[in-house]
Novice: 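Quick one: this structure, given as structure tokens, is what I'll be asking you about.
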Amino acid sequence: MLFRELADTYERLEATSSRLEMTDILAEAFRRFDPSEIRMAVYLTQGQLYPDFNPLKLGMADKMILKAIAFASGAGESFVQDLMLKEGDPGIVAQKAFQNKKQTTLFSEPLTLKRTYETLEAIARSEGGGSQDLKIKLMSKLLSDASSPEAKFLSRVITGRMRLGVSSMTVLDALAVAFATKEDRDAVERAFNVSSDLGLVAEEMALHGLEGVRTIHVQVNRPLRAMLAERMSSPEEILEKMGGTCAFEYKYDGVRLQAHICKGEVRLFSRKLDELTSQFPDVVAGLKRTIRADSAIVEGECVPVDTNTGEFLPFQEVSHRRGRKYGVEEAIEDYPVKLCLFDCILKDGEDLTDRPFLQRREALMSIVEPDDSVALSEIRVLSSADEAQAFFQEAIKDGCEGLMAKSVAETSVYRAGNRGFLWIKYKKEYRSEMNDTVDLVVVGAFAGRGKRKGFYGALLMATYDPEADRFETVSKLGSGFDDANLAAILEMLSPDRIPEKHHLVDSKMEADFWFSPRLVLEVRGAEITLSPIHTCSFGSVRPDSGLAIRFPRFTGRFRDDKEGREATTSQELLAMYQAQLKRVE
DNA sequence: TTTGGCTGCCC
DNA sequence: ATTCTGC
DNA sequence: GCAGAATGGGCAGCCAAA
């Protein structure tokens, strides 16, 4: 099969915004494709090469694809970079760069899907000295042999942003339509949630239809897609949604872990299904001590703790553990963690995903003998908003983000991979009265990409230090803008544009555009963190660290009443940091 | 040998 | 992570 | 309300450049 066929399908998908139409386009394509090639096609459609749990990664993204485009098209690197700023999409950049190319590649062999995919695999496999050069060469060869639409989508696969309006849920719709019926969609989705491998599901559907997919079951050492939650900002609202009663549970601020236990062996997986076993040997040992089952899949939050006081520490602490390959033993000492278990997905070989939540909780309690390092999450079944609010306050006092609310209805199954209102998170920062906003000055901006093309994708925000008369960066800001905001901000900032960084601005970050510090926006965040890159109150808490805002977003409020020097001061931000319960010392 | 850009993945 | 938008 | 696509801070590792 030619890659061209897939690219043409992508063109048609891109041209519509109707999901029904996308489903039809995809279903028609899936029926047409040879079953032996559908797997590759499905991964590429997700902007991936493999399912999430495969540790092999492309190791090539935004910057490298631009180099490959420059190399293959003969355009200069700076030309390609400028084009990227303007177009906001590496696919369009590839197309435009090749328009100007002198010699055409009319005589090249058409790209087959197989060759395309195998070249991408070669890019993923290449490592060590000279590997970046090799990746660029391999990609550039593909681009040289590609037609314009092929080049576009090849470039987008590299960045993992296909921008088709199609993702896994639409692929599942299409698989059901193509190889079974719409009514069978749930079975298809379940196979995906349980196997975490859309390519496998597609291949099974193409080869054996629903029968194939029915052979896919929950299995130890095969991570399943994590169940996710919606958000709400009051216990009243939550209780109403949950039908009057639900379980409230501490929401710990750590790393989510899915632990697979079989005959004394333990493997750990992250929310995105990366294997974390080697990074948390202490947790592995803890589970071996505390779990009493031949086989089990349990889930919990891995939270940084102070081993002397038992108190929870900031998220940043456990970040030092994640992804670590070297110095793991030292890191266990320096950044100890506690695993707070909250669910049981499989027990002694039995799949519990279809059981109501409280049954799973009982199963969990029946196999865990908690100790200092492996605990059960704090949980209460409540029907009163007042009691829920009191429990919420306890959670905050104990250093948690807030509460999770979990349905206890008969229908409260473990819905892998699905958002939905079986689980709802209720965080401190959702309550405006418990979460201060800050007024920050725009000092710079970054070119928008994708649907933000032609606008600023994000702004560079600063506090004011009146002692030094300096503006110090504290955060980028790219969330909370609606379409009207984006257009308005573009206009509002145009008189402030300056060619270089303003002389009163302290920034280690290089923005695409710079402004005189004048426009003030109201910003909400979850908390203040220590930052290696932002300059706000730099050195005040720790040498070589400034302050930054975690989860920053625009509240929608323009502070037209303020000028630049009336922004929140760096000293005020420092005071807010020091007033926080959890601080890195 | 050190530094810094880039990537991927936690939240 | 949060947020917005078209369906 | 779902699904998708914009966007954040910050960490470790890899590789190339200094």
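Every chain is numbered from 1, with letters handed out A, B, ... down the list of sequences. Computed from heavy atoms alone, side chains included, the values below leave out hydrogens, waters and symmetry copies.
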Novice: Sequence neighbours excluded, which residues qualify as side-chain contact (heavy atoms from CB on, under 4.5 Å) partners of A:K182?
Specialist: A:L20, A:V177
Novice: In terms of the angle between their ring planes, are A:Y456 and A:F515 parallel, tilted or perpendicular, with boundaries placed at 30° and 60°?
Specialist: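 Answer is perpendicular, since the angle exceeds 60°.
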Novice: Return the value, rounded to whole Å, for the distance between atom CD of A:E429 and atom C1' of C:dA1.
Specialist: 9 Å
Novice: Using the C1' atom in both, what is the distance from C:dA1 to B:dG8, to the nearest Å?
Specialist: 16 Å
Novice: With a 3.5 Å cut-off and no angle check, do the side chains of A:Y43 and A:D197 form a donor-acceptor pair?
Specialist: yes
Novice: How would you label the contact of A:K135 with the nucleic acid (heavy atoms, under 4.0 Å): base, sugar-phosphate, or nothing?
Specialist: nothing
Novice: Starting from the 5' end of DNA chain D, give me the residue, A:E230 or A:S319, whose nearest nucleotide shows up first.
Specialist: A:E230
Novice: Answer with base, sugar-phosphate or nothing: what part of the nucleic acid does A:R449 contact at a heavy-atom distance below 4.0 Å?
Specialist: sugar-phosphate
Novice: Sugar-phosphate means primed atoms, P, OP1 and OP2; the rest is base. With that split, encode nucleotides 13-18 of chain D 5' to 3' as B, S or - using protein heavy atoms under 4.0 Å.
Specialist: SSSS--
Novice: For A:T535 and A:E472, which I'm curious about, is there any donor-acceptor pair between the side chains at under 3.5 Å?
Specialist: no
Novice: Going by atom types only, do A:D343 and A:Y414 share a side-chain donor-acceptor pair under 3.5 Å?
Specialist: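 Per modelled atom types, A:D343 and A:Y414 side chains form no pair under 3.5 Å.
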Novice: Nearest to the side chain of A:D274, heavy atoms from C-beta on, is which of B:dC10, D:dA3, D:dA12?
Specialist: B:dC10
Novice: Among B:dC6, C:dT2, B:dC10, find the nucleotide with the atom closest to the side chain of A:R231.
Specialist: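 Of all the options, the side chain of A:R231 is nearest to C:dT2.
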Novice: Figure out the CG/P separation between A:D253 and D:dG10, and round it to whole Å.
Specialist: 14 Å
Novice: Is NZ or CZ of A:K251 both nearer than 6.0 Å to the six-membered ring centre of A:Y426 and within 45° of the ring axis?
Specialist: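 So A:K251 doesn't make the cation-pi contact.
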Novice: How long is the line joining CZ of A:R161 and C1' of D:dA6, in whole Å?
Specialist: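 It works out to 8 Å between those atoms.
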Novice: Between the side chains of A:Y250 and A:E401, is a donor N or O closer than 3.5 angstrom to an acceptor N or O?
Specialist: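 Short answer, no.
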Novice: Between P on D:dG4 and CZ on A:R156, what's the gap in Å once rounded to a whole number?
Specialist: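 Taking CZ of A:R156 and P of D:dG4, I get 16 Å after rounding.
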Novice: Any side-chain donor-acceptor pair under 3.5 Å between A:T437 and A:R524?
Specialist: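 On atom types as modelled, these side chains do not qualify, holding no pair under 3.5 Å.
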Novice: Would you check, one step at a time, whether the test side-chain contact (heavy atoms from CB on, under 4.5 Å) holds for A:V337 with A:V303?
Specialist: CA-CA 5 Å; A:V337 295; A:V303 201; over 6 Å; no
Novice: Please state whether the phosphate of D:dG4, meaning OP1 or OP2, lies under 4.0 angstrom from any side-chain nitrogen or oxygen of A:T170.
Specialist: yes
Novice: Counting distance alone, no hydrogens or angles: does the base of B:dC9 have a donor or acceptor under 3.5 Å from a partner atom on the side chain of A:R322?
Specialist: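 Check passes, donor-acceptor contact within cut-off.
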Novice: With heavy atoms under 4.0 Å as the rule, sort A:R321 into base, sugar-phosphate or nothing.
Specialist: nothing
Novice: Have a look at A:D253 and tell me which of A:K428, A:R550, A:K427 forms a salt bridge (Lys or Arg N to Asp or Glu O under 4.0 Å) with it.
Specialist: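 Of the listed residues A:K428, A:R550, A:K427, the salt bridge (Lys or Arg N to Asp or Glu O under 4.0 Å) partner of A:D253 is A:R550.
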Novice: Just by distance, no angles: are the side chains of A:S126 and A:S131 close enough, under 3.5 Å, to form a donor-acceptor pair?
Specialist: no
Novice: OP1 or OP2 of D:dA6 versus the side-chain N and O atoms of A:R163: is any pair under 4.0 Å?
Specialist: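 Yes, A:R163 has a side-chain N/O under 4.0 Å of OP1/OP2 on D:dA6.
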Novice: For A:S475 and A:R19, find the nucleotide of DNA chain D closest to each by heavy atoms; which residue's nucleotide sits nearer the 5' end?
Specialist: A:R19
Novice: Of all the nucleotides listed (B:dC10, C:dC4, B:dC11), which has the minimum atom distance to the side chain of A:D482?
Specialist: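 Looking only at side-chain atoms, A:D482 lies closest to C:dC4.
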Novice: Short of 4.0 Å, heavy atom to strand atom, which residues of residues 529-542 of chain A count as contacting DNA chain C?
Specialist: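 Contacts with DNA chain C under 4.0 Å: none.
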Novice: Counting only side-chain N and O atoms of A:K425, is one of them less than 4.0 Å from OP1 or OP2 of B:dC11?
Specialist: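 Checking B:dC11 against A:K425, no side-chain N or O comes under 4.0 Å of OP1 or OP2.
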Novice: Considering only the C1' atoms, how many Å lie between C:dT5 and B:dG4, rounded to the nearest integer?
Specialist: 39 Å
Novice: Among the candidates B:dC10, D:dA5, D:dG1, find the nucleotide nearest to the side-chain atoms of A:K451.
Specialist: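 Side chain of A:K451 sits closest to D:dA5.
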Novice: The side chain of A:S168 is closest to which nucleotide in this list: B:dC10, C:dA1, D:dG4?
Specialist: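 Looking only at side-chain atoms, A:S168 lies closest to D:dG4.
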Novice: I want to verify a distance call: between D:dC11, B:dC9, B:dT7, whose nearest atom is closest to the A:Q316 side chain?
Specialist: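 Per side-chain heavy atoms of A:Q316, the pick is D:dC11.
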Novice: On the side chain of A:S479, is there an atom forming a donor-acceptor pair with the base of C:dT2 - under 3.5 Å, no angle test?
Specialist: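 Checked by distance alone, the answer is yes.
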Novice: How many Å lie between CD on A:Q48 and P on B:dT7, as a whole number?
Specialist: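 It is 17 Å, rounded to the nearest whole Å.
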